[in-house]
Amino acid sequence: MALKEQFEIPGGLKKWSYALMGVGVLTLILGVVFLHPFSGGHGEGHGAEAYGATKFWMALMHNSIFWLLVVAASFFFIAATTLAQAGWPLVFRRVPEAISGAMNVLGPIALVILLGYVWVSDDHHIYHWKDVEHVKHDEKLLHKSGFLNPMFYTILSVTAVGLWMWFRHSFRKLSLAEDLAQKGERSFYWKSLAIAAAFLVTYGLTVLSTLPWMWLMSIDAHWYSTMYSWYTFASSWVAGLSLIMLFVVYLKNQGYLEYVNEEHIHDIGKFMFAFSIFWTYLWFSQFMLIWYSNQPEETAYFIDRLGFGGKGEGTFRGIFLLNLIINFLAPLLILMRRGSKRNYTVVTLMAVIIIFGHWLDFYQMITPGPLKELGKESNSLGHFVFSLGVGAGFLGLVIFLTAKYLTKAPLLPKNHPLVKESIIHHT
Amino acid sequence: MSLLRYESQVREPLVDGHKTYHDVTEDICKPVEAAPTRLWWIGFIISVALLLFGAVSLYKEVVYGTGMWNLNKTIGWGWDITNFVWWVGIGHAGTLISAILLLFRQGWRTGVNRAAEAMTIFAVICAGQFPIWHMGRVWMAFFVMPYPNTRGPLWVNFNSPLLWDVFAISTYFTVSLLFWYSGLIPDMATLRDRAKKKWAKAFYGVASFGWTGSTKHWQRHESLSLVLAGLSTPLVLSVHTIVSFDFATSVIPGWHTTIFPPYFVAGAIFSGFAMVQTLMLVTRKIMNLEDYITISHIENMNKVIVLTGSIVGCAYLTELFMAWYSAVKYEQDIFFKYRIAGPYGWSYWLMMTCNVITPQLFWSKKLRRNIAFTFLMSIVVNVGMWFERFVIIVSSLYRDYLPSSWSVYYRPTIWEVGFYLGSFGLFFTCYFLFSKYFPVIAIAEIKHVLKKNGESYKEQMDGIEEQSVEEFAHEHAHAH
């Protein structure tokens, strides 16, 4: 049988990834020209102008954090299914393996951006806590400075991202070595279980707790919510699942992944459906409890987004509500039926919607805090388009890198002890 | 559907020994058909005695009022609500095993789902007792039902999570009962067909609703299972979510925190699995069911325990961190003065040790597969989870905002303890009756997995395991 086991990047895909990256670079250049990111934040210009640097960095941070967590979610998928000894994903596991390879480039990029903002940029509208003078007079921030300071920020970020990359690298090495080993050799399998477990613990201590507090929650530096990190995780996780779906369907349409059939698509679809509901569950729990108890230090966060008509309030109301519609209502209504989870067109459409939806979710988590002082002048539409442009660049990069990693190994881990279960998988 | 029955050899069999369909029926029906053993009687009598003690304790409380308990001015919820949350939590494992593991296609659920579902139902019954009798004037308990009445302004408060509890728990109970019972029907029919005594034939005849085992029956049965699984999955989550709202909607330091809903659900699964372990380890031993509830089943449940225990641990540490990070004085005091320290500090550390630290020992494969250690851990976890609720309730309440309202040290009275012991009596009385009159393992479902996951059948798959992927896929394609 002439199996297409080895992926070769089709010209079309290459063109698309270059085009998207081109859009990203162009946007970035326009940003440097018009937003003066390195001109220093304080005092220069008035109103919207003074926030140029803020907007520039915010778009970069939003996209680098979002896309890094989304590709990392691919490795979370591998780790979780490996540890659960799930057989069904084996016929397409090389796909999340390749996507998570993008961490090798996105990780360093995100670190450069985040640390660049913390150490190099003069702007401090995003992280108020990095303004030493301001913190001196802000009792709460002074109290938090043991956690929110550039040094700890750096150590935690570098350690976390470094560990994820290292775990992914070790796992991938085993996975590739297994291909060349003798059939029936199980040592790779058991070792990969240990890596998966260690990674999940690390992920629990970073993405499910400390990292989102530091990277994202500290943007609204006075505000706090114990749910925040789990919520961030759920958002990136469901987007990550959708990205896996997109690549699986793409490869399938190109004639690869012979053993993947609608049973596998159905199961990824179930994950997208279930974790969209899970995200909504966390969204509701966080929102409802804060709304119900109605304490000013907590409601401030949602007032910035929903607003009651005060200065700066409610600019993001549309996005806030849209977030719920496309991340909850759409998957709930569209993915509920069995047939739609087995239909390539529907799942592709939903995957695109969900990835965009959670990109938007991250947008509304990050942007309102820094821009609220600008109120209606914040020109959120302009900033939205700018972020979208930067996001296109990141997407192009993800496609480019994933395609590159896909070419580096056969698409079927044929010696894996569970691969046959995956071939006859029936949901 | 694939005709090929194949499962990877890295997986352990779910049914040990060389069983046939007939052996499965025999093994599981035997304890139901035989006369109860002496051990069963001893256990049953102890349970009924505890139940009676519980009844006396409740009599005292109803006649003399909730003053018979040591609840005081600020600790208005004490043992009673602690017990309520604890039992509801335990009542999560059954439906989780039946519904969520069914959706995840986990074959190992078949060994434990029946008993776990039964346990769920009994645990929810026990849980329900506490808020009901806590009302004091229990004869007015029906006031929680919203229906047109002549009580004028005395109408339920739809804004209160306590009322949502009424709906959530009663719905959950109903669906769990349906799920459990619909699964029982084919097995009841098996017992009916085998029954020799007249009353047994009549009882199992009525209980099996005229099941004949026709294809049509099976088809409907399977659809019903899937529908009920779909319904109960959100219900499992909703119940403990709403229980967590009882606390988290209040503006009380240590209660009002957004992570409560998912963390309560994780904790509920954690304690539920621990209780399943306690019961299963005893059941498999006494009823000779080691071939069906294998070490591998026990290991799987221990994995769930270490996972959920770690999730709960992550939530504890998150709360602790946020108490500091929030820079809110009240939060900080609750956590750092009155929880990890203070008169009730011991209960916090007991909770931490039992729920977070000791379950980490289950990272060791050896300990996960050690029966004595698992039994010990299942008790430790349930003690820990009881104290989790005790810590949440009591340590947040005993220091009110005004020092003049600081309560005296809270100790339960004998009637409070008696009520709790009585709930154990109720639980185990039900469980003993269940294990005597009902098949504790789902016979039909074991048969369903036997030819794929049974030990003797797996031995025949060695040949398939040797095949290359291409040969395997080719053969499979022709097996359709």
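Naming: A, B, ... by sequence-line order, numbering from 1 per chain.
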Q) Is chain B contacted by the side chain of A:Y231, its backbone, both, or neither, given a heavy-atom distance below 4.5 Å? A) neither

Q. What part of B:Y263 gets closer than 4.5 Å to chain A, counting heavy atoms only: side chain, backbone, both or neither?
A. both

(Q) If the threshold is 4.0 Å, N to carboxylate O, is there a salt bridge linking A:R186 and B:E465? (A) yes

(Q) Heavy-atom pairs under 4.5 Å with chain A - which of B:E466, B:E319, B:Q106 has more of them than the others? (A) B:E466

Q) Can you say whether A:A234 sits under 4.5 Å from chain B via the side chain, the backbone, both, or neither, judging by heavy atoms? A) neither

Q.
Taking side chain as everything from C-beta outward and backbone as N, CA, C, O, which of these in B:I311 sits under 4.5 Å from a heavy atom of chain A? Side chain, backbone, both or neither.
A. both

(Q) Can you tell me which of A:W88, A:Y228, A:F147 forms the most heavy-atom pairs within a distance under 4.5 Å of chain B? (A) A:F147

Q: Can you tell which part of B:W324 gets under 4.5 Å to a heavy atom of chain A, answering side chain, backbone, both or neither?
A: both

Q. Between A:D179 and A:R94, is the closest basic N to carboxylate O distance under 4.0 Å?
A. yes

Q: Tell me, for A:W223 versus chain B, whether the close heavy atoms (under 4.5 Å) come from the side chain, the backbone, both or neither.
A: backbone

Q.
One thing to verify: whether A:E421 and B:R11 come together as a salt bridge, which I'm taking to mean a side-chain N less than 4.0 angstrom from a carboxylate O.
A. yes

Q: Tell me, please, whether B:F362 has B:K303 positioned over its six-membered ring: NZ or CZ under 6.0 Å from the ring centre and within 45 degrees of its axis?
A: no

Q) So which part of A:A274 gets closer than 4.5 Å to some heavy atom of chain B, the side chain, the backbone, both or neither? A) neither

Q.
Parallel, tilted or perpendicular: which one describes the rings of A:H264 and A:F92, with boundaries at 30° and 60°?
A. perpendicular

Q. Are any side-chain N or O atoms of B:W255 and backbone N or O atoms of B:I392, one a donor and one an acceptor, separated by less than 3.5 Å?
A. yes

Q.
At a 4.5 Å cut-off on heavy atoms, which part of A:Q85 comes close to chain B: side chain, backbone, both, or neither?
A. both

**Q.** Toward chain B, the part of A:Y189 with a non-hydrogen atom under 4.5 Å
**A.** side chain

Q: Run the numbers on B:S396 and B:R339 for side chain to side chain donor-acceptor pair (under 3.5 Å), then give the verdict.
A: CA-CA 8 Å; B:S396 273; B:R339 273 197 185 171; 2.9 Å; yes

Q. With a 4.5 angstrom heavy-atom cut-off, which part of A:L148 approaches chain B: side chain, backbone, both or neither?
A. side chain

Q. Contact part of A:I277 toward chain B, heavy-atom cut-off under 4.5 Å: side chain, backbone, both or neither?
A. neither

Q.
Strictly distance-based, threshold 3.5 Å: is any side-chain N or O of A:Y127 a donor or acceptor partner for the main-chain N or O of A:W215?
A. yes

Q) So which part of B:V306 gets closer than 4.5 Å to some heavy atom of chain A, the side chain, the backbone, both or neither? A) neither

Q.
If you apply the rule ring-ring contact (aromatic ring centres under 6.0 Å, His included), what do you find for B:F245 with A:Y292, and how did you get there?
A. CA-CA 10 Å; B:F245 287 167; A:Y292 195 108; 8.3 Å; no

Q: Please determine, among B:V469, B:T249, B:T241, the option with the most heavy-atom pairs under 4.5 Å with chain A.
A: B:T249

Q: Would you mind telling me which of B:H256, B:E7, B:M322 has the largest number of heavy-atom pairs within less than 4.5 Å of chain A?
A: B:H256

**Q.** Pair A:S422-A:H425, side-chain donor/acceptor within less than 3.5 Å
**A.** no

Q | Residue among B:N300, B:L237, B:V251, B:L317 with most heavy-atom pairs under 4.5 Å to chain A | A | B:V251

Q: Side-chain contact test, heavy atoms from C-beta onward, threshold under 4.5 Å: evaluate it for A:F287 versus A:F302 and give yes or no.
A: yes

Q | Region of B:Q9 that comes under 4.5 Å of a non-hydrogen atom in chain A | A | both

Q. Would A:N415 and A:E185 count as a side chain to side chain donor-acceptor pair (under 3.5 Å) if you check the C-alpha gap in whole Å, the side-chain angles of each, and the deciding distance to 0.1 Å?
A. CA-CA 8 Å; A:N415 283 340; A:E185 172 66 47; over 6 Å; no

Q.
Please rank A:K270, A:E139, A:E297, A:E298 by heavy-atom pairs under 4.5 Å with chain B and give me the top one.
A. A:E298

Q) Do A:E263 and A:R342 pass the salt bridge (Lys or Arg N to Asp or Glu O under 4.0 Å) test, and can you show the C-alpha distance, the side-chain angles, and the key distance before you say yes or no? A) CA-CA 7 Å; A:E263 307 289 340; A:R342 298 169 82 87; 2.9 Å; yes

Q: Examine whether an atom of A:Y281 lies under 4.5 Å from a heavy atom of chain B, and if so say whether it belongs to the side chain, the backbone or both; otherwise answer neither.
A: side chain

Q. Considering only heavy atoms, which portion of A:S145 lies under 4.5 Å from any heavy atom of chain B: side chain, backbone, both, or neither?
A. neither

